[in-house]
Amino acid sequence: MWTRDGEPTQFVWRDRLYLVRRVLDHWVVAREWWKTGEGDPGERQFWRVEATPGREVGSYELRYDTASNGWLMLRAWD
């Protein structure tokens with residue numbers, strides 16, 4: 001995952017590089033039990049984006065987890 005100012009700009013899925021064309025939606029969910037330490041807000045940020053590996057455009061749902069500092073691709077509508 002590549003980001004700019006915390007927003008996804010590119011990601012790799014199934015060995016293909018996808019360029020984010022636009023952000024369709026962004027929301028944050030916070031849960032106390034997701035926290036791993038005092039400095040962790042226990043947040044998961046969700047991004048629904050329009051992205052393409054070439055000419056075909058699809059919608060993808062991505063998640064950023066503050067506890068693991070990791071990204072996950074949750075859904076694809078391509």
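Only this structure's heavy atoms are used, side chains among them; waters, hydrogens and symmetry mates stay out.
- To the nearest 0.5 Å, atoms CZ (Arg63) and CD (Gln45) are separated by 11.5 Å.
- Clustering ILVMFWY residues whenever any of their side-chain heavy atoms sit less than 4.5 angstrom apart, transitively, puts Val49 in a cluster other than the one holding Leu19.
- Evaluation of the side-chain contact (heavy atoms from CB on, under 4.5 Å) rule for Glu61 yields Trp27, Phe46, Arg48, Leu74, Arg75, Trp77 as partners, not counting sequence neighbours.
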- Task: Please lay out, stage by stage, how Val29 and Glu43 fare under the test side-chain contact (heavy atoms from CB on, under 4.5 Å).
- Result: CA-CA 6 Å; Val29 176; Glu43 290 181 353; over 6 Å; no

- Task: Kindly indicate, with the supporting measurements, whether the criterion side-chain contact (heavy atoms from CB on, under 4.5 Å) is fulfilled by Ser59 and Leu24.
- Result: CA-CA 8 Å; Ser59 294; Leu24 302 172; 3.7 Å; yes

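- In this view, Arg16 and Tyr18, Pro53, Glu56 satisfy the side-chain contact (heavy atoms from CB on, under 4.5 Å) rule, not counting sequence neighbours.
- Distance CG/Asp65 to CH2/Trp71: 11.0 Å, rounded to 0.5 Å.
- In this structure, Leu72 CG and Tyr64 OH are separated by 13.5 Å, a value rounded to the nearest 0.5 Å.
- Every residue two or more places apart in sequence or in another chain was checked for a side-chain hydrogen bond (donor to acceptor under 3.5 Å, both in side chains) with Asp25, and none qualifies.
- Residues Val20 and Gln10 come closest through the heavy atom pair CG2-N, 4.1 Å.
- Side-chain atoms of Glu7 and Thr9, non-hydrogen and from C-beta on, never get closer than 4.5 Å to each other.
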- side-chain contact (heavy atoms from CB on, under 4.5 Å) between Tyr60 and Trp47, intermediate numbers included: CA-CA 8 Å; Tyr60 304 88; Trp47 301 83; over 6 Å; no

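- In this view, Arg22 and Glu50 satisfy the side-chain hydrogen bond (donor to acceptor under 3.5 Å, both in side chains) rule, not counting sequence neighbours.
- Under the 4.5 Å side-chain heavy-atom criterion for ILVMFWY residues, no single connected hydrophobic cluster contains both Leu17 and Met73.
- Atom OG1 of Thr52 is separated from atom CZ of Arg21 by 5.5 Å, given to the nearest 0.5 angstrom.
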